[in-house]
Amino acid sequence: MAIRRAFSGRIVDRTAVVGARYMSSWWRSVQPAPKDPILGVTEAFLADPNPDKVNVGVGAYRDDNGKPVVLECVREAERRIAGNLNMEYLPMGGSVNMVEETLKLAYGENSELIKDKRIAAVQALSGTGACRLLADFQKRFCPESQIYIPVPTWSNHHNIWRDAQVPQKTYHYYHPESKGLDFAAMIDDIKNAPNGSFFLLHACAHNPTGVDPTEEQWREISHHIKAKGHFAFFDMAYQGFASGDPERDAKSIRIFLEDGHHIGIAQSYAKNMGLYGQRVGCLSVLCEDEKQAVAVKSQLQQLARPMYSNPPVHGALIVSTILGDPDLKKLWLKEVKVMADRIIGMRTALRGNLEKLGSPLSWQHVTNQIGMFCYSGMTPEQVDRLTNEFHIYMTRNGRISMAGVTTGNVEYLANAIHQVTKSA
């Protein structure tokens with residue numbers, strides 16, 4: 001029974017007072033989370049009233065007018081979907097059609113691995129969701145293992161494996177002096193890692209550096225990873241978007257398959273179909289046989305169930321409609337090449353303008369790198385000057401999103417970069 005006491009003419013319920021005290025203190029210790037280093041750039045850009053401001057921090061494609069793009073193949077797919085298909089729940093593993101078409105992109109159109117049903121695959125919430133599912137799968141079934149992550153990498157990789165409570169280590173990747181691959185150190189790290197470690201690899205268009213191994217280097221990486229019994233997990237966020245050719249961009253994966261690895265792959269349609277907000281992707285794990293693939297898929301679905309139950313349907317319908325129709329797929333291949341070619345063209349233009357200005361530095365790495373991002377080599381202090389003096393926004397590690405570079409701003413961007421780097 002609650003104890004009541006008269007006080008100043010009121011009856012006080014002591015139990016209620018104690019309960020209110022607890023409720024008011026539940027979240028008192030919660031502090032604001034640090035701002036995301038990438039999303040914070042966009043927030044600062046939007047708050048800047050300067051009409052000449054430039055945002056080269058966002059990791060989303062823009063046309064040459066700096067506007068978001070919806071591909072024509074996507075618009076046509078949506079026209080076909082509208083009013084013709086229901087919006088019932090998908091199974092926990094997602095759209096079977098979308099997953100089947102997605103596997104063909106990664107493993108090959110006529111892959112024997114697909115025919116033999118050796119691949120456990122589920123629809124995921126884009127690349128982030130695919131990575132998180134794999135991280136949780138690793139924690140549950142290989143609890144003593146660790147993940148090796150390249151330096152640098154997409155910052156969210158660290159968050160994903162941290163929250164999955166998987167121990168993280170790093171391996172050498174980028175070489176600041178050459179602004180290329182630190183290949184020898186990378187190989188040493190692979191050799192020195194404990195047998196049976198997990199290695200996170202960027203299949204193409206490494207984020208944030210744009211530095212990819214050559215085909216021969218991939219073959220050597222594959223050899224050493226196999227010799228140590230490591231598990232290779234590929235994050236492939238840019239297939240088709242890097243070179244304009246999805247087959248070429250999957251070369252690293254095909255090399256590992258030729259060498260007999262049992263790999264995992266995270267795939268995303270955010271960049272190569274522009275389906276950023278649809279959150280549509282796929283996680284696949286290559287297994288020894290069909291029986292093992294069935295077991296692994298069942299466990300991936302079991303992990304997905306308490307996370308989000310089942311994945312969203314609309315993006316999966318778009319992807320399966322495009323890839324399942326020869327004409328729409330042909331249109332997509334054409335459009336993804338247009339996007340890749342514009343990015344490559346802006347790399348050439350940026351380097352050309354910097355050289356025309358008489359920069360004392362070498363900018364060859366701008367065109368040597370590939371994909372959405374250019375790792376410029378600028379220091380945080382130089383990036384701060386770009387923002388404060390020229391209203392140009394990017395992450396402080398010097399990563400330039402080439403998607404934000406246009407024919408209208410490339411000269412202004414080059415001049416600003418020249419001004420802050422010419423005395424370096």
Side-chain angles (χ1 to χ4, degrees), residues 59-64 69 71 73-74 101-109 111 127 150 153-154 173-174 179-181 183 201-219 221-222 232 234-258 263 265-276 281-282 319 322-323 329-352 363-376 399-405:
Y61 182 75
R62 298 290 183 262
D63 66 15
D64 202 43
V69 172
L71 300 185
C73 64
V74 171
E101 295 297 337
T102 301
L103 293 181
K104 292 176 188 176
L105 283 181
Y107 294 85
E109 185 75 26
S111 170
T153 193
W154 178 48
Y173 189 86
Y174 180 73
K179 299 180 178 64
L181 183 66
F183 184 64
L201 303 166
H202 296 231
C204 61
H206 181 274
N207 178 5
T209 69
V211 173
D212 285 353
T214 65
E215 182 175 331
E216 286 308 308
Q217 286 173 331
W218 273 122
R219 293 190 184 280
I221 292 166
S222 171
F234 287 90
D235 188 355
M236 184 160 61
Y238 297 94
Q239 186 180 10
F241 192 95
S243 68
D245 179 0
E247 286 295 300
R248 177 179 172 185
D249 292 345
K251 187 63 180 177
S252 59
I253 287 171
R254 306 293 170 78
I255 288 170
F256 274 66
L257 295 177
E258 289 169 11
I263 63 173
I265 308 174
Q267 292 170 261
S268 166
Y269 289 101
K271 307 297 192 298
N272 59 12
M273 282 192 186
L275 299 177
Y276 301 97
C282 179
V319 172
I322 292 171
L323 297 182
K329 185 175 181 180
K330 183 178 180 181
L331 177 58
W332 170 64
L333 291 171
K334 177 182 176 182
E335 290 186 287
V336 77
K337 189 173 189 310
V338 168
M339 290 192 290
D341 286 349
R342 195 188 85 74
I343 296 291
I344 292 168
M346 286 300 99
R347 288 182 177 277
T348 301
L350 179 60
R351 176 184 171 183
W363 295 98
Q364 185 175 348
H365 61 283
V366 175
T367 50
N368 285 347
Q369 295 169 8
I370 192 170
M372 183 171 285
F373 301 112
C374 167
Y375 218 47
S376 67
R399 186 193 79 166
I400 298 172
S401 174
M402 297 305 301
V405 184

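Only this structure's heavy atoms are used, side chains among them; waters, hydrogens and symmetry mates stay out. When a residue number appears, it is its place in the shown sequence, counting from 1.
- Taking OH of Tyr238 as the start and CD1 of Ile370 as the end, the distance is 12.5 Å to the nearest 0.5 Å.
- Atom CZ of Phe373 sits about 10.0 Å away from atom CH2 of Trp154, to the nearest 0.5 Å.
- For the residue pair Ala106 and Ala250, the shortest heavy atom distance occurs at O-CB, 4.3 Å.
- A distance-only check finds a donor-acceptor pair linking the side chain of Gln239 to the backbone of Pro246 [under 3.5 Å].
- For the side chain to side chain contact (heavy atoms under 4.5 Å, CB included) criterion with Met339, the lone passing option out of Val336, Asp341, Ile343 is Val336.
- Contact of the Tyr269 side chain with the Thr102 side chain is registered, since non-hydrogen atoms from C-beta on lie closer than 4.5 Å.
- Using a 4.5 Å heavy-atom threshold, the side chains of Arg219 and Glu258 count as touching.
- In this structure, Ala242 and Ala205 approach most closely via the heavy-atom pair CB-CB, 3.8 Å.
- A donor-acceptor pair under 3.5 Å is formed between the side chain of Trp332 and the backbone N or O of Asn272.
- Ser243 approaches Ala340 most closely through the heavy-atom pair C-CB, 3.9 Å.
- A 4.5 Å side-chain heavy-atom check between Lys104 and Leu323 finds every atom pair outside the cut-off.
- Checking side-chain atoms of Ser252 against main-chain N and O of Ala203 turns up a donor-acceptor pair under 3.5 Å.
- Note: Ser222 OG to Phe256 CZ = 4.5 Å, rounded to the nearest 0.5 Å.
- Heavy-atom contacts from other residues, nucleotides or ligands closer than 6.0 Å to NZ of Lys337 number 12 or fewer.
- Nearest heavy atoms, Ser401 versus Gly59: OG-CA, 4.4 Å.
- Annotation for Ile265 and Gln267: closest pair CG2-CG, 3.7 Å, computed over non-hydrogen atoms.
- Side-chain atoms of His365 come within 3.5 Å of backbone atoms of Ser376 as a donor-acceptor pair (strictly under, hydrogens ignored).
- Residue pairs that meet the salt bridge (charged side-chain N to carboxylate O under 4.0 Å, His left out) test with at least one member in residues 240-252, sequence neighbours left out, are Glu247-Arg254.
- When the side chain to side chain contact (heavy atoms under 4.5 Å, CB included) test is applied to Thr209, the partners found at least two apart in sequence or on another chain are Pro152, Tyr173, Tyr174, His206, Val211, Tyr375.
- Between the side chain of Asp235 and the backbone N or O of His202, no donor-acceptor pair lies under 3.5 Å.
- For the atom pair Cys374 SG and Asn368 CG, the distance stands at 10.0 Å (nearest 0.5 Å).
- Between Met346 and the choices Val405, Val366, Ile400, the side chain to side chain contact (heavy atoms under 4.5 Å, CB included) rule is met once, by Val405.
- Summarising the geometry, atom CD1 belonging to Ile322 is positioned 8.0 Å from atom CG belonging to Leu331; distances are rounded to the nearest 0.5 Å.
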**Message:** Before you tell me yes or no, could you show the steps for Arg347 and Arg351 under side chain to side chain contact (heavy atoms under 4.5 Å, CB included), namely the whole-Å CA-CA distance, both residues' side-chain angles and the distance that decides it to 0.1 Å?
**Reply:** CA-CA 6 Å; Arg347 288 182 177 277; Arg351 176 184 171 183; over 6 Å; no

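- A donor-acceptor contact shorter than 3.5 Å is absent between the side chain of Gln217 and the backbone of Phe183.
- For the atom pair CZ (Arg342) and OH (Tyr61), the distance works out to 4.5 Å, reported to the nearest 0.5 Å.
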**Message:** Let's go through Val319 and Met273 carefully: what are the C-alpha distance in whole Å and the side-chain angles of both, what is the deciding distance for side chain to side chain contact (heavy atoms under 4.5 Å, CB included) to 0.1 Å, and is it a yes or a no?
**Reply:** CA-CA 8 Å; Val319 172; Met273 282 192 186; 3.9 Å; yes

